[in-house]
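The structure under discussion appears below in the form of C-alpha cells.
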Amino acid sequence: MSKQQPAQFTNPETPGYVGFANLPNQVHRKSVKKGFEFTLMVVGESGLGKSTLINSLFLTDLYPERIIPGAADKIERTVQIEASTVEIEERGVKLRLTVVDTPGYGDAINCRDCFKTIIAYIDEQFERYLHDESGLNRRHIIDNRVHCCFYFISPFGHGLKPLDVEFMKAIHNKVNIVPVIAKADTLSLKERERLKKRILDEIEEHGIKIYHLPDAESDEDEDFKEQTRLLKASIPFCVVGSNQLIEAKGKKVRGRLYPWGVVEVENPEHNDFLKLRTMLITHMQDLQEVTQDLHYENFRSERLKRGGRKIEDEEVNKDQILLEKEAELRRMQEMIARMQAQMQMQMQSGEGDSSAVHGHHV
Amino acid sequence: MSELVPEPRQKPVVPMKPMGINASLLGYIGIDTIIEQMRKKTMKTGFDFNIMVVGQSGLGKSTLVNTLFKSQVSRKSSGWNREEKIPKTVEIKAIGHVIEEGGVKMKLTVIDTPGFGDQINNENCWEPIEKYINEQYEKFLKEEVNIARKKRIPDTRVHCCLYFISPTGHSLRPLDLEFMKHLSKVVNIIPVIAKADTMTLEEKTEFKQRVRKELEVNGIEFYPQKEFDEDLEDKTENDKIRQESMPFAVVGSDKEYQVNGKRVLGRKTPWGIIEVENLSHCEFALLRDFVIRTHLQDLKEVTHNIHYETYRAKRLNDNGGLPPMTVETEENHESNL
C-alpha cells in the first residue's frame, strides 16, 4: 500500500469516513445482549424504611413473605446476610439485580460485633472474584462483588451516631458508600437542610470516604452538567419510599396518605427520591468501575502482599508454627536438663555436708 | 384531723361504728369546706412535680416537654447547644423551673438523660438512671427518718418517667424492653411513641397494637398499673386508656403557625401543617390531659405510696428492721449506711 494521507481514504458514502465511530453501538448491542449485573447492599437499623425504598426504587416486591420479628426475638439474633436476586428487563435491556440485606444490624444492645459479618461478606465476594480471575477458565466469571452500599441514616437523630461512624470507617475502603436518609417525611425542609449539613460535616470530620459522583465532562451538554451539579449538591439524599397509589389532585401517585396531606414519592419538592434513582441509574456503570478499579484493586494488592492465595498463606503459617514449636521444645528440654543437674548437685552436697545450709538460686 | 365525735344529744337508733355507716345529718355542718381549705393550702404552698424523659438522642424529648408545659423548661432551652456531641456515658441533667397558672405554683423539674441508647455498646446503660432514682428515694428516706425533720420534705423523687419509643413501625427494640423491665418496678413509666408524624394512621394503629402486645407478653407494667386500680371506676377508666390509647403517639412542637385563622402549635411541611393539638393528627392532647389534667396527683401518690414504700421496706429490711441512721442533731447528715 502506498503512503497516503488518512484523509485520502475514500469511502463510497462519505469522504474520510472509516466507520469505527460505530464501535460504541457494537459495544452497546453486545452489552444489551449480555445484560448487566449489579449488586446493591443496604445497611441500616431496623425500621428505617430500607425494604420499602428498595421496592420503590425498582418497582418490585423483593420481600413477599416477610415476617418482622418482635423485640424479644431480636435480643438473641446476630447480623445476617440475605441476598435476593431479581431479573428486571426494560426495553430489551436486562438487569440482574442482587440486593443484599443485613437484618439485625444495629438491633442488639451491644452492637460491637455488628459489622464483622458484613465486612466478612464483602471480603468473601472479593476473594471469590480474585480466585476466579486467577483461575484457568475465565470465560464466565460471575461478578458478585458489592458495587454499592446504601447506608441508611436515621432521620430522628441530630446527625451521625457512633455506630454509623464506626461502620462507615470500616467499609469505606471496600465499597462505595452512598448515605441515604430515609423516612424523610418526618423532617421539615429546614430540618432537612440542617441534618444534611451536619452529616456532611461529620463525614468530613471523621475522614469517611463516601462515593463521589464524577464531575460531568466539559463536552457534555448543559442539561447533564446541571443535573450532575444538582445531584452532587443533594448528597446525602433524603428519600421517602412507598408503593401505594394514593389519589392526589385528581391523579394517582405513589405516596403516603396522612391526615394533614399527601407525601408524593416522585415529587422533587417533597423528597430526593427521583434524584437518588437518577443517580443510581446513570451512574451504575461508574459504580461498577470504581468498585473494579479502586476497591477491588486495593483488596487484591493487600491480599497478594500478604502472600498470595489463602492456601499458601496457611502453609507458610504452618511452617512457622512448626519451627516455633520445635524451638520451644528444645528450650524446655534444656531447662529440664539444667534442673536435673542442679538436683544431682544438691543431693551430693546434702549427703556430704548435712549440717550446712546451702542457698541455691535456681 | 380529729375524728368526728357524735354530739351527746344526738342519740342514733343504731350503735355508732367508727366508719361505714352513713349518719344522716340534721343540719349543715360545713365538712365539705375541707376541700376548699385543702385547695387554699395547696395554692399557697404549691407543689413539686418531677418528670424524667428517657430515649435516644433526637427523638424530640426536649421539644415534647416544652410543648407539654407550654414553656421553655427543657435542657434544650437552657443554654444547651444543638451542636453538642453525644456524651460517652449516660448523664443525668435536672433542670428546675417554677411555673404558675391560676394562682397555683408548680415547681417543675425536668430530668433529662442524654447519652441513653446512643453508644455502640448500650449494655447496662439504664444503670445510671436506676441509681439516680434510688438516690432520690434515699434522700427522702433520710429526711423522713430524721429526728428533727423539716415541715415539708423537699420531694426530688421521680414521679413520672416518659419513655420514648422510636417510631420504626416494626416493634420495640431490645434496649426498650430491657429498660422498661428494669425500671417499671421503681418508677412510673409512661411509654410514648415519638415523632409520630412519620406514620400513617394504619401504621400507627398497627404499631401501637404490636407494642402493647409486646409489653404484655414481657410482663412490663407501665403506668397506670393494673394492680393499683383502687375501685371499679378507676379500673374502667384506666382500662380504656391502657388498652386503646397507650402508648400515646405524639408530635411535639414549640412553633406556631396560622391554620384556618387560628394560631396553632405545629410543624410545617411542604404537604401540609401538622397540628400538635389536633386529635386527628396526633395524640399529644391525650398525653397532656392524662399526665397533667387528670393523673398528676395520682402519679405523685403512686410514687409515694408504692414505689417509695417498696424502696423503704427494702432498706429497712436490709438494715434489720432499724431505720438506716440515727442522728442527734439536725446538722449531722453523715451516716454509715
Side-chain angles (χ1 to χ4, degrees), chain A residues 45-49 52 68-77 106-112 114 154-167 183-191 194-195 198 201-202 242 244 246 248 255-264 267 269-271, chain B residues 55-60 82-86 88 117-125 164 166-179 194-203 207 210-211 213-215 217-218 255 259 266-275 278 280-282:
Chain A
E45 285 179 1
S46 295
L48 282 184
T52 314
I68 297 174
D73 301 326
K74 282 193 212 168
I75 291 182
E76 291 309 315
R77 215 160 63 138
D107 276 345
I109 297 183
N110 184 357
C111 293
R112 224 179 270 286
C114 246
S154 171
F156 308 126
H158 294 309
L160 292 178
K161 296 207 189 105
L163 180 62
D164 299 338
V165 173
E166 287 306 308
F167 180 77
K183 293 201 173 178
D185 51 352
T186 220
L187 303 164
S188 69
L189 287 177
K190 254 206 295 194
E191 290 168 350
R194 206 163 15 146
L195 185 62
R198 184 89 197 271
D201 287 343
E202 287 184 342
S242 171
Q244 280 179 321
I246 313 279
R256 290 170 63 74
L257 176 64
Y258 289 111
W260 47 86
V262 175
V263 182
E264 295 169 45
N267 186 335
E269 284 167 37
H270 287 189
N271 71 95
Chain B
Q56 283 187 308
S57 128
L59 281 182
R82 207 131 251 259
E83 304 302 316
E84 218 174 72
K85 302 264 183 242
I86 294 175
K88 291 269 183 284
D118 289 328
Q119 313 308 324
I120 297 182
N121 182 0
N122 289 314
E123 270 168 11
N124 301 328
C125 66
F164 284 69
S166 183
T168 57
H170 287 192
S171 64
L172 288 176
R173 301 171 74 234
L175 180 63
D176 301 339
L177 273 186
E178 283 303 306
F179 177 86
K195 297 207 168 174
D197 54 344
T198 219
M199 298 188 285
T200 60
L201 279 176
E202 304 95 45
E203 291 169 352
F207 185 52
R210 218 173 298 155
V211 170
K213 186 143 171 293
E214 277 196 309
L215 290 175
V217 160
N218 286 284
K255 296 204 178 66
V259 172
R267 286 172 60 71
K268 185 156 196 259
T269 60
W271 45 88
I273 296 185
I274 304 162
E275 297 167 48
N278 184 336
S280 57
H281 287 191
C282 77

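The chains referred to below are lettered A, B, ... by the order of the sequence lines, with proteins before strands, and numbering in each begins at 1.
Interface residue B:K268: only backbone heavy atoms are found under 4.5 Å from chain A. Only the side chain of B:E203 comes within contact range of chain A, with heavy atoms under 4.5 Å apart. With a threshold of 4.5 angstrom between heavy atoms, B:L59 approaches chain A through its backbone and through its side chain. Of the two parts of B:E123, the backbone and the side chain both hold a non-hydrogen atom closer than 4.5 Å to a non-hydrogen atom of chain A. Heavy atoms of A:E166 lying under 4.5 Å from chain B belong exclusively to its side chain.
Among B:M199, B:Q56, B:H281, B:K213, the residue making the largest number of heavy-atom pairs under 4.5 Å with chain A is B:H281. The residue among B:D176, B:I120, B:N278, B:N122 with the most heavy atom pairs within less than 4.5 Å of chain A is B:I120. Highest contact tally toward chain A, considering only B:P167, B:C125, B:G60, B:G117, is held by B:P167 [criterion: heavy-atom pairs under 4.5 Å]. Ranked by non-hydrogen atom pairs under 4.5 Å with chain A, the options B:T269, B:N124, B:L175, B:T200 are led by B:T200.
Rounding to the nearest 0.5 Å gives a distance of 12.5 Å between NZ of A:K183 and NZ of B:K195. With rounding to the nearest 0.5 Å, the separation of CG in A:D185 from CH2 in B:W271 is 5.5 Å. To the nearest 0.5 Å, the span separating CZ on B:R267 from CD on A:E191 amounts to 4.0 Å. Taken to the nearest 0.5 Å, the CG atom of A:L187 stands 8.5 Å off from the CG atom of B:D197. Note that CD1 of B:I274 is 8.0 Å distant from OH of A:Y258, once rounded to the nearest 0.5 Å. Taking CG from A:L48 and OG1 from B:T198, the interatomic distance works out to 9.5 Å, rounded to the nearest 0.5 Å.
Residues passing the ring pair (Phe, Tyr, Trp, His ring centres under 6.0 Å) test with A:F167, sequence neighbours excluded: A:Y105, A:F115, A:Y151. Residues forming a ring pair (Phe, Tyr, Trp, His ring centres under 6.0 Å) with B:F179 (at least two apart in sequence, or on another chain): B:F116, B:Y163.
Taking both residues in full, the closest heavy atoms of B:P270 and A:E269 are given as CG-O, 4.1 Å, listed atom of the first, atom of the second, then distance. A:P259 approaches B:S280 most closely through the heavy-atom pair CG-O, 3.4 Å. When all heavy atoms are compared, the tightest approach of B:Q119 to A:P162 is OE1-CG, 4.3 Å.
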